[in-house]
Visitor: 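Got a structure for you, questions after.
In the text below, chain A, chain B and the rest are named by the order of the sequence lines, each starting its count at 1.
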Amino acid sequence: MNKTQIFEFFSRLAEANPAPRTELEYGNDYQLLIAVVLSAQATDVGVNKATRALFREVETPAQMVALGEEGLKQHIKTIGLYNAKAKNVIALSEILVRDFDGEVPRERDVLTTLPGVGRKTANVVMNTAFGEETFAVDTHIFRVGNRTGLAPGKTPLAVEQKLEKRVPGPFRRDAHHWLILHGRYVCKARKPECWRCIVADLCRYKPKTPAPATKAG
DNA sequence: CTCCCGATAT
DNA sequence: ATATCAGGAG
């Protein structure tokens with residue numbers, strides 16, 4: 001995609017969804033951080049189902065430490081990778097209490113020192129909690145960036161760096177949300193729905209299967 | 001690179 | 001049955 005096409009790409013996504021928001025449910029910065037850690041290789045719907053009850057009991061890292069690893073496991077057993085996530089969330093919460101006065105750090109280099117927090121999770125928190133213009137390249141953005149030709153790259157970091165260079169100023173704040181939502185509901189991994197995609201004419205991907213036949217009324 | 005790992009869609 | 005889901009650690 002050239003510059004003009006990229007501007008058009010985001011202009012359309014912005015018009016279709018002027019105020020995109022994460023679909024993870026949370027009440028404060030700490031709960032957002034935990035929700036994002038839990039969302040690795042899991043659906044937002046599945047994470048929300050578990051955190052609805054969890055976040056009613058736990059609003060602070062101190063309360064998470066009090067709940068304990070086994071208590072947390074009972075809440076998140078329906079989420080994949082729950083053993084490793086429970087261990088990381090408790091360890092992470094202990095560090096926040098001990099070293100950060102219970103607050104969520106704002107710097108990527110600090111966030112990524114926390115157990116269970118990598119570059120993608122740090123970028124989500126920086127963008128969604130603190131309003132930074134970061135690009136959190138998850139499975140959806142990686143796929144959409146490569147499939148469309150917007151930001152091709154062999155690794156998530158390569159895609160992120162290409163987005164840094166290519167996404168125009170007015171769209172930088174919300175670009176990653178638009179791309180995720182587009183990837184989740186239209187540019188899907190298994191069966192992309194190109195026939196109802198509003199940026200299909202800007203995309204290099206050519207679908208192998210046509211739109212499903214519509215019943216004549 | 002492998003391992004972690006339940007729910008859901010196809 | 002299998003691929004996929006807001007990845008990260010060893």
Visitor: Under 4.0 Å between a side-chain N or O of Arg119(A) and OP1 or OP2 of dG7(C)?
Guide: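 No, Arg119(A) has no side-chain N/O under 4.0 Å of OP1/OP2 on dG7(C).
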Visitor: Please pick, from dG8(C), dA6(C), dT4(C), the nucleotide with the shortest atom-to-atom distance to any side-chain atom of Thr121(A).
Guide: dG8(C)
Visitor: May I ask you to decide whether Arg52(A) forms a salt bridge with Glu25(A), counting only side-chain N to carboxylate O separations under 4.0 Å?
Guide: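 Looking at Glu25(A) together with Arg52(A), the answer is yes, because their closest N to O distance falls below 4.0 Å.
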Visitor: In chain order, what residues pass the salt bridge (charged side-chain N to carboxylate O under 4.0 Å, His left out) check against Arg172(A), with sequence neighbours excluded?
Guide: Glu133(A), Glu164(A)
Visitor: Heavy atoms under 4.0 Å, any strand shown: does Val124(A) hit a base, just sugar-phosphate, or nothing?
Guide: base
Visitor: Looking only at the side chains, is there a donor atom on one of Asn48(A) and Glu23(A) sitting less than 3.5 Å from an acceptor on the other?
Guide: no
Visitor: Looking at Lys49(A), does any N or O in its side chain come under 4.0 Å of the phosphate oxygens OP1/OP2 on dT8(B)?
Guide: yes
Visitor: If only side-chain N and O atoms count, and only distance matters, is there a donor-acceptor pair under 3.5 Å linking Tyr26(A) with Thr128(A)?
Guide: no
Visitor: Send over the distance from Arg190(A) CZ to dC5(C) P, rounded to a whole Å.
Guide: 9 Å
Visitor: Is there a donor N/O on one and an acceptor N/O on the other, under 3.5 Å, for the side chain of Thr22(A) and the base of dA6(C)?
Guide: yes
Visitor: Hydrophobic clusters here meaning ILVMFWY residues chained together by side-chain heavy-atom distances under 4.5 Å, can you tell me if Phe7(A) and Val144(A) are in one?
Guide: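 Phe7(A) and Val144(A): one cluster.
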Visitor: Does dA6(C) have OP1 or OP2 sitting under 4.0 Å from an N or O in the side chain of Thr139(A)?
Guide: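 Indeed not, no polar side-chain atom of Thr139(A) lies that close.
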Visitor: Under 4.0 angstrom, heavy atoms only, what part of the nucleic acid is Val117(A) near: base, sugar-phosphate, or nothing?
Guide: sugar-phosphate
Visitor: Between protein and nucleotides 4-6 of chain B, what N or O pairs are separated by less than 3.5 Å?
Guide:
unit_1: dC5(B); atom_1: OP1; unit_2: Asn83(A); atom_2: ND2; d: 2.3
unit_1: dC5(B); atom_1: O4'; unit_2: Leu81(A); atom_2: N; d: 2.6

Visitor: Let me know, please, whether Gly116(A) or Lys188(A) comes out on the 5' side of the other along DNA chain C by nearest nucleotide.
Guide: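 Between the two, 5'-proximity favours Lys188(A).
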Visitor: Going by heavy atoms closer than 4.0 Å, what residues in residues 142-160 of chain A are next to DNA chain C?
Guide: Arg143(A)
Visitor: If the threshold is 4.0 Å, N to carboxylate O, is there a salt bridge linking Arg12(A) and Asp201(A)?
Guide: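 A salt bridge is present here (some side-chain N lies under 4.0 Å from a carboxylate O).
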Visitor: Quick test of your reading of the model: are Arg106(A) and Glu132(A) salt-bridged, counting only N-O distances below 4.0 Å?
Guide: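 A salt bridge is absent here (no side-chain N lies under 4.0 Å from a carboxylate O).
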